Amino acid sequence: MLKKAKALDIACICPLHGPVLKENLGYYLDLYNTWSSYEPEDEGILIAYASIHGNTAVAANKLADILRQKGAKKVVVSDLAREDMAEVIEDAFRYDRMIVAGASYDGGVFPCMQDFLHHLQSKAYQNRKVGIMENGSWAPTAARTMKGILETMKNVTIAEPVVTIRSTMKESDIPAMEELADAML
């Protein structure tokens with residue numbers, strides 16, 4: 001349908017949601033084509049994290065530093081407990097790769113991460129590579145929960161290794177984080 005629309009002499013696009021478009025219509029038609037095919041708009045890595053006491057946040061930011069040191073051009077770090085969920089979902093669809101970092105919570109994952117993943121699931125998130133980092137003390141469960149949700153999504157490749165942080169990040173965790181960074185690049 002968009003291919004047919006591109007061939008027409010269109011003066012105005014009146015979407016059901018959003019502004020009426022009268023200029024740069026080719027640009028907007030290209031965006032609609034990208035969005036409707038669930039392809040990313042840009043190269044980049046979103047690190048979406050859910051931290052209870054700040055330890056997962058420290059690990060997520062360290063992973064972002066590792067990715068940048070290894071040459072990642074665009075890395076966006078988002079705190080699911082504090083940032084606008086709609087903005088983070090937008091970034092998940094914008095970039096071609098994502099890492100989810102979640103703290104274990106009541107035999108699952110911290111609720112804001114579960115909420116985020118369910119939003120992506122309901123919006124048919126697909127065609128992406130996703131890395132997983134979990135944090136848990138005696139019985140980490142976040143990775144299993146996040147992976148279970150991600151595996152229901154179409155054409156989502158889960159990168160290995162899954163990184164497990166035990167409570168607070170230690171120097172001994174960095175090699176696994178570097179291995180995940182390599183897999184994401």
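These numbers were taken from a predicted model, which means no experiment stands behind them.
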Polar side-chain atom of T34 near backbone of E39 as donor-acceptor pair, under 3.5 Å: no
Any idea which heavy atoms bring T145 and G108 closest together, and the distance? OG1-CA, 3.3 Å
If every non-hydrogen atom of A92 is compared with every non-hydrogen atom of M98, which pair is closest and at what distance? CB-SD, 4.0 Å
First locate atom CD1 of I149, then atom CD of Q114, and finally report the distance between them rounded to the nearest 0.5 Å. 5.0 Å
If you round to the nearest 0.5 Å, how far is OG of S78 from CD of E83? 4.0 Å
Taking R97 for its side chain and G131 for its backbone only, find out whether a donor-acceptor pair lies under 3.5 Å. no
S104 side chain vs A142 backbone, donor-acceptor pair below 3.5 Å: yes
One pair to check against side chain to side chain contact (heavy atoms under 4.5 Å, CB included): M85 and L80. What are the steps and the verdict? CA-CA 7 Å; M85 184 68 73; L80 296 174; 4.3 Å; yes
Assigning hydrophobic clusters by single linkage (Ile, Leu, Val, Met, Phe, Trp, Tyr; side-chain heavy-atom cutoff under 4.5 Å), is L117 placed with Y38? yes
Evaluate the side-chain proximity of M153 to Q121: yes if any heavy-atom separation is below 4.5 Å, no if none is. yes
Tell me, do K123 and F93 make a side-chain contact under 4.5 Å, heavy atoms counted? yes
Restricting to salt bridge (charged side-chain N to carboxylate O under 4.0 Å, His left out), what partner residues turn up for E90, sequence neighbours left out? R94
Linking Ile, Leu, Val, Met, Phe, Trp and Tyr by side-chain heavy atoms under 4.5 Å, what else ends up with I99? I45, I47, Y49, V58, L63, I66, L67, V75, V77, M133, V163, I165, M169, I174, M177, L180, M184, L185
Quick one: salt bridge (charged side-chain N to carboxylate O under 4.0 Å, His left out) pairs with a partner in residues 132-158, sequence neighbours left out? none
Check for a donor-acceptor pair, side chain of N55 on one end and backbone N or O of S167 on the other, with a separation under 3.5 Å. yes
Looking only at non-hydrogen atoms, find the nearest pair between S37 and N127 and report the distance. O-ND2, 3.4 Å
Mind jotting down which residue pairs meet the salt bridge (charged side-chain N to carboxylate O under 4.0 Å, His left out) criterion with at least one end in residues 60-80? Sequence neighbours excluded, please. D65-R68, K70-D182, D79-R82
Is the closest side-chain heavy-atom distance between L25 and L21 below 4.5 Å? yes
Beyond-backbone contact of L120 with L150, side-chain heavy atoms, under 4.5 angstrom: no
So for atom NE2, which belongs to H118, do other residues, nucleotides or ligands contribute more than 12 heavy atoms lying within a distance under 6.0 Å? yes
Quick check: do V109 and T141 have side-chain heavy atoms less than 4.5 Å from each other? no
With heavy-atom distances below 4.5 Å as the criterion, would you say the side chains of I13 and V20 are in contact? no
Value for CD (E23) from OH (Y28), rounded to nearest 0.5 Å, stands at 8.0 Å
Between atom CG of D115 and atom CD1 of I89, what is the distance when rounded to the nearest 0.5 Å? 7.5 Å
Main chain of K170, side chain of D173: is a donor-acceptor contact present, judged purely on distance under 3.5 Å? yes
Residue pairs fulfilling ring-ring contact (aromatic ring centres under 6.0 Å, His included) with at least one residue in residues 57-90, sequence neighbours excluded: none
Which atom pair, heavy atoms only, marks the closest approach of P140 to G136? CG-O, 4.0 Å
Counting only N and O atoms by type, is there a donor-acceptor contact under 3.5 Å from the side chain of N155 to the main-chain atoms of Q126? no
So R166 and S137, do their side chains get closer than 4.5 Å, heavy atoms only? no
Main-chain N/O of G44 paired to D42 side chain as donor or acceptor, under 3.5 Å: no
If you take all heavy atoms of M146 and G102, which pair is closest and at what distance? CE-N, 3.8 Å
Qualifying residues under ring-ring contact (aromatic ring centres under 6.0 Å, His included), relative to Y105, sequence neighbours excluded: F110
Can you measure from CD1 (I52) to CE (M113) and round to the nearest 0.5 angstrom? 11.5 Å
If you compare all heavy atoms of A143 against all heavy atoms of V162, which two are closest, and at what distance to 0.1 Å? CB-CG1, 3.6 Å
Could you see if W35 belongs to whatever hydrophobic cluster contains V156? Use Ile, Leu, Val, Met, Phe, Trp, Tyr and a side-chain cutoff under 4.5 Å. no
